[in-house]
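As the structure is a computational prediction, the values presented were derived from the model and not from experiment. Residue numbers start from 1 in every chain, and the chains themselves are labelled A, B, ... in the order their sequence lines are given, proteins ahead of strands.
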Amino acid sequence: MCMKDSNHIPLLKVKSISKYYGRRIGCRKIDFELWPGEVLGIVGESGSGKTTLLNCISGQMEPSEGAVWYAGNGGVIDMCAAPEPQRRLAMRTEMGTVYQNPRDGLRMHISAGGNIGERLMANGLRHYGKVRRKALNWLEKVEIDSERIDDIPVTFSGGMQQRLQIARNLVTNPRLVFMDEPTSGLDVSVQARLLDLLKGLVTELDLSMVMVTHDLAVTRLLAHRLIVMKDGEAVESGLTDQVLDDPQHPYTQLLVSSILHP
Amino acid sequence: MKCMVDVDKLNKDFFLHTQGEAKIPVFKDFCLKLEQGESVALVGPSGVGKSTLLRLLYGNYKTGSGKIMVNHDGDAVNLAGADPHTVLHIRKWTIGYVSQFLRVIPRVPAIQVVMEPMRVRGASEKVSRVLAGELLTRLRIPKRLWSLSPTTFSGGEQQRINIARGFISTYPVMLLDEPTASLDSDNTESVIEIIKEAISMGTAIIGIFHDEDIRNRIGSRSVKIQPFNNHACSKQLIPID
Ligand SMILES: Nc1ncnc2c1ncn2[C@@H]1O[C@H](COP(=O)(O)OP(=O)(O)OP(=O)(O)O)[C@@H](O)[C@H]1O
Ligand SMILES: Nc1ncnc2c1ncn2[C@@H]1O[C@H](COP(=O)(O)OP(=O)(O)OP(=O)(O)O)[C@@H](O)[C@H]1O
Ligand SMILES: [Mg+2]
Ligand SMILES: [Mg+2]
């Protein structure tokens, strides 16, 4: 057997990231590493700084302090300090973001096919037939009927919109995907299907993912590692099953004990 | 003989912060060595810490203090305090674990549950499926169940899925938490056979088997875990026989 895995360095190194909104703390001194193929879950109560942290590490918000090293196809760059064009290129070609509200991540008035094709075309694919074929292929992957390719997302259900958002993000084969509560607006059975889909894609495409969620059962299913946040700080972090089965911090214990089967 | 696991002065207390700061001491200065191809059976009364020890060795519980040195592809790695990435790598290649109960993942078919440890090592869908099928057949899981999620399976069926999942890949070290507890005698025989085959191929085993007959047939050295109490100085290993 061969134990040597090909991935020797972390894809993302987050170093002491803090974000202050004036005097209010968004998040404070957060550190972690994310390796290729790993899913990191960020959990914690409302207002604990999860979205702030996600926005800082995904290049969408400038942190007050700290660094985010991304080991992408073009070498290692500091997402907080790299020149704008370099950062934008990495974000457009190697990263994706799935928003809690599909309206933030989709263009609601262009067709499903157009939504999926947009990033492909932005990345240089011009051949209409190829773009359409790829779009069809991805609709199938996310279990949306191919007949809906010319329909606009406002005519889709919430679950379908979320799946379309995923297709739109993954079509360009990103290495790293950020998700902020991707399943929270959906009913339980739709949620289970979406999680199945994500789990399959993570393995199949060797994706890395950072996922904000308030649902510990979701993290048990998907995340390799967890960060538990409270008042802007990471009070506990580690392997998902270890954090859930042997929580150390009083807040984590409270969180875990308040649900039936995490 | 190659030492596979070396537990040195292990300490573990649980602190229940939400229940009046209760402290449950489980291990104090506990030591254990496990060599290649060796089988150790943990014995001791209910609640003494047998399952806890297996979970500590799998990185599922957090070690208080002390070392858990694991021979990971020739490198001595301290599992206690290792970063999650390293623990995952050890679980992928070096340490397998059959928990007492299967944690069912909704919607995933039984055969996929069994195949997964091979798939994460990079084995093809086809090869994994064939091997999973062989194991499931050996463990008498009817073919019509293979494509169903184990959510609705009986306790014994779930346990056999768990065992198949544990043994589909070869690990240098296996942790077994009462793998035969809910099985009938035919299936118990199959499991004993599977365990013995693993040992003969060099796997070292730490297991909890309530049945003395099973311990003997697997050829285990028994290690007794002494109940913790604040008057006795420390928990010790008392080899039986
Ligand atoms: N643009 C902003 N200006 C000022 N304060 C902000 C801003 N955005 C967030 N905050 C504050 O920062 C803290 C963290 O907010 P954040 O949105 O990161 O929380 P969250 O963990 O994502 O919460 P939720 O689960 O409710 O989405 C909160 O106290 C919030 O009020
Ligand atoms: N996650 C946990 N949080 C708090 N306490 C725990 C946890 N896991 C185990 N314990 C405690 O640790 C002690 C040892 O439990 P353990 O399950 O290891 O016993 P055991 O020897 O396997 O018993 P049995 O033979 O009944 O399975 C018990 O007092 C138990 O309550
Ligand atoms: Mg938020
Ligand atoms: Mg037990």
- Query: What distance do B:Arg119 atom CZ and B:Arg121 atom CZ have between them, rounded to the nearest 0.5 Å?
  - Reply: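 Answer for the CZ-CZ pair, B:Arg119 versus B:Arg121, is 14.0 Å.
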- Have a look at A:Val210 and tell me which of A:Val14, A:Ile227, A:Ile57 forms a side chain to side chain contact (heavy atoms under 4.5 Å, CB included) with it.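 Looking at A:Val14, A:Ile227, A:Ile57, the match for A:Val210 under the side chain to side chain contact (heavy atoms under 4.5 Å, CB included) is A:Ile57.
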- Full working for salt bridge (charged side-chain N to carboxylate O under 4.0 Å, His left out) between A:Asp241 and B:Arg55: CA-CA 10 Å; A:Asp241 60 274; B:Arg55 286 167 176 264; over 6 Å; no
- Item | Any donor-acceptor pair under 3.5 Å from B:Trp146 side chain to B:Ile141 backbone |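 The answer is yes, because a donor-acceptor pair under 3.5 Å joins these two groups.
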- Message: Under 4.5 Å from any heavy atom of chain B, what part of A:Leu221 do you find: side chain, backbone, both or neither?
- Response: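 Contact with chain B is through the side chain of A:Leu221 alone.
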- Task: Check each atom of A:Glu38 against the heavy atoms of chain B and say whether the ones under 4.5 Å are side chain, backbone, both or neither.
- Result: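 Contact with chain B: side chain only.
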Using the ring-ring contact (aromatic ring centres under 6.0 Å, His included) criterion, which residues pair with [X]? Sequence neighbours excluded.
| X | value |
| --- | --- |
| B:Tyr61 | B:Phe14 |
| B:Phe15 | none |
| B:Tyr97 | B:Tyr58 |

- Query: Taking non-hydrogen atoms and a cut-off under 4.5 angstrom, which of residues 196-207 of chain B neighbour chain A?
  - Reply: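 Residues qualifying by a heavy atom under 4.5 Å from chain A are absent, so none.
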